[in-house]
Amino acid sequence: MHLYLQIAEILTEIFSSYDGDKESIKRLYSLALVCKIFHEPARDALWRFQRSFVTLVKMFPEDLWDEVEDPVMARPRAAVNITAASHSETSPLSRSRTVVTFKRPLLPSDWARFQLYAKLMEHLSFGQSPYDWSVSGRRELSPSVFRAIQNSLDLCHFDRPLLQNLTTFTFKQYFGGISLRDACVFLGLRLKTLDFAISRPLDGLRTFAKALKAGCPAIEHLFVSNYQPSDRVNRVVSDLVCSLSSLRAVRIFVYSFPMSLHNRVSLMVLPFLAMRHLDITIASTASAVEYLQVTSSSSDLEYLSITVDRIPPTPAQLRAALTVMQQSGFCVTLTTFVLGDRVTSAGDFIPLHALDAQTLSPLLQCRNLQDINIHISYGHAGIDNSFLKEMASAWPCLRSLGLYSCYAHPWHAKADLRGLICLAQNCHSLESVSLQFDVSLPPTATYPDKAIRCEWLTQLEVSRSHISDPLAVATFLADVFPNLTLYHEYYTPGTGDFEDELSEDEQSPEYIEMAKRWKDVVQILNARKQELSQSLTNRNVRMQSLI
């Protein structure tokens, strides 16, 4: 063995380079068994990726804890509808779980071995879904374990926090008697990422929020899933979010309830200055406006995602939200914007609103946007070539543009291939475009000169766009965009196993004809791409205007 590999510091550096993926864990485990010199640094590296608190608890003296078989009884009634007939020996409800309990109170001397490994743990995860029946063979902790640990900490047997080097903590314990109150023992100064869920019972939510604000000043990433929304819960969550000034990324999911910040805006001075990532799912656009007002001073925000869960915004509400963005401190730093809703709508419905230049005009002031994804229940008839040209001028750094619509052909975008050329001409980093539009060459347009060439656009998703001349379009796309891959959402009859499940619209003559045309486009495009790749091309020729 090389002498360098006998130096503990070098081995520690080598083993610390491994990630927490399954393959790395296997390698570290094998290295720990190679020889005595490798054992300790490899073991320490393994503990960095240990996420189970059960494993750490079993580092206490063996005469302290015990494992007992306990039937899985704690299931929320709303989780599943169980009939008497399903209550058999093979039913998930009759399975057992192994529960770790304490047989006696903790003593100061019990903490020595626990402390050795506790300081190595950087990640911790509690996750138990009420819809997950695969509990056989799992080891869990009795709530009494947390009570005993809490009592020992109160007697100063061990210093808080329990895991002094913990940086990432996930707590999604939906049942089993362990609450957010118990989770407070893990909150410490080095915690930077927290992902927790709020569900019934709400035991300890206020205590947890108070401990988080007081004990985790450096927390940067906060992810909250609120499955039991109410005014009281929302007030606690909004107060918590507004109190963590070091936040860089926030994702808040509120299940079907309007989330409010309860007029906290006037009480705060320059909040969220370090925030870079904001992802919120809320019930209405009014709540989104309130969040944007609170975060408007975040001058480093780069990523913003807003999902409206129940009520689609009106054009006035949408414009109001975008206006707040335009006037915010992150207008010049924002690079990614995602806007969507979860409103179910069918393709043959008439949209109530249309996405147009007037509604989206405030977004054009965010000049450094690179990735835009808008999928709301709006028609796109207001999007034409002139509007795409405005987008191209406003967003020169654009890399991907996704404007998704689920409505039928009359409400697709009115733009044609000239609009696509405008985007490609002005956005030299553009790689992907998703749009339902008139994929055709207008009769008055001359065929583009062979010198026009855009090699950076590699993906075009047309969904269920209409097309009239497959040969002309495919030839044009292959000549101008030689590296392009085309995607569409037309199902071609006779090519799959789900023809019996086709909707009435998908069996119409118009749909079948469009599916055939797009199949022809893909075949022609692939053939032309192969042909063009074999010919000499001049990569230094600048693109010229089609019009």
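Here, residue 1 is the first one in the sequence, and each next residue gets the next number.
Counting heavy atoms of neighbouring residues, nucleotides and ligands inside a 6.0 Å radius, atom CG of Asp159 does not exceed 12 of them.
Scanning for salt bridge (charged side-chain N to carboxylate O under 4.0 Å, His left out) contacts around Asp195 gives Lys172, Arg251, with sequence neighbours left out. Under the ring-ring contact (aromatic ring centres under 6.0 Å, His included) criterion, His123 pairs with no residue, sequence neighbours left out.
Leu339 pairs with exactly one of Leu318, Thr307, Asn373 by the side chain to side chain contact (heavy atoms under 4.5 Å, CB included) rule, that one being Leu318.
Checked by atom type, the side-chain pair Glu140/Thr98 shows no donor-acceptor distance below 3.5 Å. A donor-acceptor pair shorter than 3.5 Å cannot be found between the side chains of Tyr404 and Ser463.
Annotation: side chain to side chain donor-acceptor pair (under 3.5 Å) contacts involving residues 208-220, sequence neighbours excluded, comprise Lys213-Asp239.
Note: Phe158 and Trp111 meet the aromatic proximity criterion, with ring centroids under 6.0 Å apart. Checked against the 6.0 Å centroid threshold, Phe171 and Phe208 do not count as a close aromatic pair.
Between Phe223 and Thr193 there is a side-chain heavy-atom pair separated by less than 4.5 Å. Asn368 is not listed as a side-chain neighbour of Leu334, based on a closest heavy-atom distance of 4.5 Å or more. Taking the side chain as every heavy atom from C-beta outward, Val145 and Ile178 never approach each other to under 4.5 Å.
Note that the CG atom of Leu460 and the OG1 atom of Thr485 stand 10.0 Å from one another [nearest 0.5 Å]. Note that CG of Leu247 is 8.0 Å distant from CG of Leu240, once rounded to the nearest 0.5 Å. Rounding to the nearest 0.5 Å places CG of Leu212 at 14.5 Å from CZ of Phe186.
The backbone N or O of Val338 sits nowhere less than 3.5 Å from a side-chain atom of Tyr303 that would complete a donor-acceptor pair. Formation of a donor-acceptor pair under 3.5 Å by the Ser152 side chain with backbone atoms of Ile149 is not found in this model. With hydrogens and angles disregarded, a donor-acceptor distance shorter than 3.5 Å links the side chain of Thr167 to the backbone of Glu122.
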